[in-house]
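Worth knowing before you read on, the calculation uses all heavy atoms, side chains too, and leaves out hydrogens, waters and symmetry mates. All residue numbers refer to positions in the sequence shown, counting from 1.
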Amino acid sequence: MAVKEINNDELLANIIKGIEDVKGNDIDILDLRAIENTVCDYFVICNGNSNTQVNAIASSVQKVVSKELKDKPWHVEGTDNAEWILMDYVSIVVHVFQKQIREYYNIESLWGDAVITSIDNKY
């Protein structure tokens, strides 16, 4: 069976659409490609206001990517308590936080060399 090659730009666009569909907040894209020894090409980081919204964001991302690109995450964790859900699409890792947990871990600061693109909320 041939492995289907997914374009990072298409995957990013569909991840962002999935987040926006359920009003995820403060979307940042960290471009890690210029940094040596990174685990992936991009981090997409966003937050929701409750564990229900965090789960809804992760669900929406999975649905949109599955419908549009026929792809699913290689690994998902954190859905039990929904404070921080990590979705690994291999070249792109999505982090969906509750707002206070995102502020506490502040992973954007850990990747200070990354180029960060912030997406304005559409609502």
Worksheet entry | Residue list, ring-ring contact (aromatic ring centres under 6.0 Å, His included) with Y104, at least two apart or on another chain |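 Partners of Y104 by the ring-ring contact (aromatic ring centres under 6.0 Å, His included) criterion come out as none, since no residue qualifies.
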Fill in: ring-ring contact (aromatic ring centres under 6.0 Å, His included) involving W111 - partner list, sequence neighbours excluded
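Checked W111 against ring-ring contact (aromatic ring centres under 6.0 Å, His included); matches are F43.
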Are [X] and [Y] connected, step by step, through hydrophobic side chains (Ile, Leu, Val, Met, Phe, Trp, Tyr) whose heavy atoms are closer than 4.5 Å?
X: I19; Y: L30; answer: no
X: I57; Y: V44; answer: yes
X: F97; Y: I15; answer: no
X: I101; Y: L86; answer: yes

Not counting sequence neighbours, which residues clear salt bridge (charged side-chain N to carboxylate O under 4.0 Å, His left out) with [X]? List them please.
X: D41; value: none
X: E103; value: K99
X: K63; value: none

Worksheet item: In Å, rounded to the nearest 0.5 Å, how long is the span from CD1 of I27 to OG1 of T117?
Response: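 Output value for this atom pair is 12.0 Å.
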Worksheet item: Between atom CD1 of I116 and atom CG of L32, what is the distance when rounded to the nearest 0.5 Å?
Response: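 With rounding to 0.5 Å, CD1 (I116) is 9.5 Å from CG (L32).
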Discussion item. Once side-chain hydrogen bond (donor to acceptor under 3.5 Å, both in side chains) is applied, do any residues pair with D28, and if so which ones, sequence neighbours excluded?
Written reply: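 D28 satisfies side-chain hydrogen bond (donor to acceptor under 3.5 Å, both in side chains) with R102, S118 only.
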Discussion item. My understanding is that only residues two or more places apart in sequence, or in another chain, count here; which of them pass side-chain hydrogen bond (donor to acceptor under 3.5 Å, both in side chains) with Q98?
Written reply: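 Q98 satisfies side-chain hydrogen bond (donor to acceptor under 3.5 Å, both in side chains) with Q100 only.
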Pairing residues for [X] by the side-chain contact (heavy atoms from CB on, under 4.5 Å) criterion, not counting sequence neighbours:
X: L110; result: I107
X: S66; result: none
X: N106; result: E108, S109

Can you give the donor-acceptor pairs under 3.5 Å from side chains of residues 87-94 to other protein atoms, not counting sequence neighbours?
| from | atom 1 | to | atom 2 | distance (Å) |
| --- | --- | --- | --- | --- |
| D88 | OD1 | V90 | N | 2.7 |
| S91 | OG | N8 | OD1 | 2.7 |

Only pairs under 3.5 Å count here: list side-chain donor-acceptor contacts from residues 72-81, not counting sequence neighbours, and write none if there are none.
| from | atom 1 | to | atom 2 | distance (Å) |
| --- | --- | --- | --- | --- |
| H75 | NE2 | E77 | OE1 | 2.8 |
| N81 | OD1 | E83 | N | 3.4 |

Discussion item. Given 3.5 Å as the limit, does a donor-acceptor pair link the side chain of Q53 with the main chain of V22, or not?
Written reply: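 Yes; judged by distance alone, with no hydrogens or angles, the pair exists.
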Discussion item. Donor-acceptor pair, distance only, cut-off 3.5 Å: does the side chain of K23 make one with the backbone of E20?
Written reply: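 Answer holds: no.
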